[in-house]
Amino acid sequence: MLRVLPLSNFAAKKEILQGFQSDQTTWVVSDLQSKREIQKHLLQKNDVLPEDAVLRASELWRKLLFRQKPSVRVINVDLARTLIRGWLVEEDLDWARSPGAAQLAMQFVQQLLPVLTHPNGESLMQAWFADHSESVIRWGHWQRMAQRIWQRFADRDLLPSTWIAGSLINEDFSAAIWPRKLVV
């Protein structure tokens with residue numbers, strides 16, 4: 001169950017911090033500065049904090065990924081772009097060999113991840129393209145390329161770090177893979 005507690009001022013935030021149970025709850029923040037600030041405050045009251053007490057959102061996604069799919073290897077963006085560039089060179093298409101094609105392909109895959117990872121994603125895209133024929137002409141080739149690129153990464157259990165959150169969107173999290181309460 002999701003419970004939203006709007007924090008209108010620092011006093012409200014401090015009140016939540018006072019009642020924060022670091023052994024049962026994870027505080028999810030957006031950036032490293034916020035993480036350090038909350039950790040500093042919590043360490044004034046506790047000698048030690050569990051690793052999962054305060055996490056950046058990206059760290060939480062990474063932990064969820066490894067709990068859901070332990071065989072996946074996360075790679076950096078530069079390696080992913082190099083792999084994509086090599087795969088595009090193998091394609092028999094002039095546009096796929098252009099200098100910015102690998103970066104553009106990475107961006108298309110990232111944007112299309114919710115569809116690419118959906119069990120019926122390919123058929124959903126085909127149905128959508130059938131209703132929007134002008135889009136097939138403008139970017140249908142990129143969608144097909146993104147599908148092939150995504151499949152190559154999936155076949156090798158590789159995942160660029162920037163794709164983690166998007167790759168989790170269609171995962172079944174009904175099993176309790178994060179036993180702690182979340183404060184965002």
Side-chain angles (χ1 to χ4, degrees), residues 1-4 25-30 51-52 55-93 95-98 100-184:
M1 177 175 167
L2 178 65
R3 186 173 58 144
V4 178
T25 308
T26 297
W27 194 299
V28 182
V29 297
S30 61
E51 176 185 349
D52 294 339
L55 296 174
R56 290 181 292 160
S58 60
E59 295 167 337
L60 176 64
W61 300 143
R62 189 177 288 253
K63 287 178 177 280
L64 289 172
L65 171 71
F66 289 133
R67 288 181 182 197
Q68 190 76 354
K69 296 181 176 185
S71 63
V72 171
R73 293 173 291 166
V74 176
I75 61 174
N76 71 35
V77 174
D78 293 328
L79 176 57
R81 195 172 22 256
T82 300
L83 289 171
I84 291 171
R85 189 175 299 117
W87 295 333
L88 290 177
V89 166
E90 296 171 6
E91 297 287 333
D92 191 23
L93 303 167
W95 61 265
R97 292 186 179 97
S98 66
Q103 179 62 33
L104 196 54
M106 272 198 79
Q107 292 170 350
F108 264 99
V109 174
Q110 186 167 348
Q111 291 171 358
L112 291 170
L113 272 174
V115 177
L116 297 173
T117 60
H118 191 277
N120 301 323
E122 195 167 346
S123 61
L124 291 170
M125 281 304 298
Q126 295 310 316
W128 190 84
F129 278 138
D131 293 340
H132 301 87
S133 58
E134 69 282 353
S135 294
V136 174
I137 296 166
R138 285 188 297 156
W139 58 275
H141 63 284
W142 282 107
Q143 186 275 332
R144 290 186 298 277
M145 181 65 65
Q147 182 69 44
R148 289 194 299 271
I149 289 169
W150 170 250
Q151 195 58 55
R152 284 185 144 178
F153 278 104
D155 290 346
R156 291 163 178 78
D157 273 341
L158 297 176
L159 185 65
S161 58
T162 55
W163 295 357
I164 293 174
S167 72
L168 292 172
I169 205 160
N170 290 305
E171 288 297 318
D172 178 14
F173 289 111
S174 59
I177 63 168
W178 197 259
R180 304 163 64 91
K181 295 178 193 172
L182 294 173
V183 174
V184 181

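What you are looking at is a predicted structure, and each value in this text was computed from that prediction instead of being measured. As a basis for the values below, the full set of heavy atoms in this structure was taken, side chains included, without hydrogen atoms, waters or symmetry mates.
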Item to check | side-chain contact (heavy atoms from CB on, under 4.5 Å) between I75 and L83, worked out | outcome: CA-CA 11 Å; I75 61 174; L83 289 171; 4.1 Å; yes
Next on the checklist: Show, in sequence, the C-alpha distance, side-chain angles and deciding distance for W139 and F129, and conclude whether the ring-ring contact (aromatic ring centres under 6.0 Å, His included) test is met.
Outcome noted: CA-CA 10 Å; W139 58 275; F129 278 138; 5.2 Å; yes
Next on the checklist: Would V183 and T26 count as a side-chain contact (heavy atoms from CB on, under 4.5 Å) here? Give the steps.
Outcome noted: CA-CA 6 Å; V183 174; T26 297; over 6 Å; no
Item to check | Chi angles and distances behind the side-chain contact (heavy atoms from CB on, under 4.5 Å) call for M106, Q110 | outcome: CA-CA 6 Å; M106 272 198 79; Q110 186 167 348; 5.9 Å; no
Checklist entry - How far apart are the C-alpha atoms of K69 and E171, what are their side-chain angles, what is the distance that settles it, and do they pass the salt bridge (Lys or Arg N to Asp or Glu O under 4.0 Å) test? => result CA-CA 10 Å; K69 296 181 176 185; E171 288 297 318; 3.0 Å; yes
Item to check | Intermediate values then yes/no, side-chain contact (heavy atoms from CB on, under 4.5 Å), S161 and V77 | outcome: CA-CA 7 Å; S161 58; V77 174; 4.1 Å; yes
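Within a 6.0 Å radius of CD in Q151, more than 12 heavy atoms belonging to other residues, nucleotides or ligands are found. No more than 12 heavy-atom neighbours from other residues, nucleotides or ligands sit within 6.0 angstrom of CD on E51.
For the pair R81 and D78, the salt-bridge criterion is met [side-chain N within less than 4.0 Å of a carboxylate O]. E59 and R62 are not joined by a salt bridge, as no carboxylate oxygen comes within less than 4.0 angstrom of a charged side-chain nitrogen. D52 has a carboxylate O that lies under 4.0 Å from a charged side-chain N of R67, or vice versa, which qualifies the two as a salt bridge. Here R85 does not pair with E90 in a salt bridge; the nearest charged N to carboxylate O distance is not below 4.0 Å.
Pairing each heavy atom of L65 with each of S167, the nearest pair is CD1-OG, 4.4 Å. Contact detail for G166 and T117: the closest heavy-atom pair is O-OG1, 4.1 Å. In this structure, A105 and L88 approach most closely via the heavy-atom pair CB-CD1, 4.3 Å. Shown here for A146 and L116, the closest heavy-atom pair between the two residues is O-CD1, 3.9 Å. For the residue pair W128 and S135, the shortest heavy atom distance occurs at CH2-OG, 3.4 Å. Closest approach of D157 to S71, counting heavy atoms only: OD2-OG, 3.1 Å.
Side-chain contact between L55 and W27 is absent, with no heavy atoms from C-beta onward closer than 4.5 Å. Counting heavy atoms from C-beta on, the side chains of L112 and Q143 come closer than 4.5 Å. Contact annotation: the side chain of I164 approaches that of V74 to within less than 4.5 Å [non-hydrogen atoms, C-beta and beyond].
Using a 30° and 60° split on the angle between ring planes, W163 and W150 fall in the tilted class, from 30° to 60°.
Distance alone, capped at 3.5 Å, places no donor-acceptor pair between the Q107 side chain and the A102 backbone. A donor-acceptor contact shorter than 3.5 Å links the side chain of H118 to the backbone of N120. Side-chain atoms of N170 come within 3.5 Å of backbone N or O of P114 as a donor-acceptor pair. At least one donor-acceptor pair under 3.5 Å links the side chain of N76 to the backbone N or O of L79.
Rounding to the nearest 0.5 Å gives a distance of 9.5 Å between CD of Q147 and CE of M125. Taking CG from L113 and CG from L159, the interatomic distance works out to 7.5 Å, rounded to the nearest 0.5 Å. Expressed to the nearest 0.5 Å, how far CG of L168 lies from CG of L60 amounts to 9.0 Å. Put simply, OG on S123 and CD on Q126 are 8.5 Å apart, with the number rounded to the nearest 0.5 Å. Put simply, CZ on R148 and CD1 on I84 are 12.5 Å apart, with the number rounded to the nearest 0.5 Å.
No side-chain donor-acceptor contact under 3.5 Å links T25 and R180.
In this structure, F153 has its ring center closer than 6.0 angstrom to the ring center of W87.
Considering only residues two or more places apart in sequence or on other chains, R144 meets the salt bridge (charged side-chain N to carboxylate O under 4.0 Å, His left out) condition with none of them.
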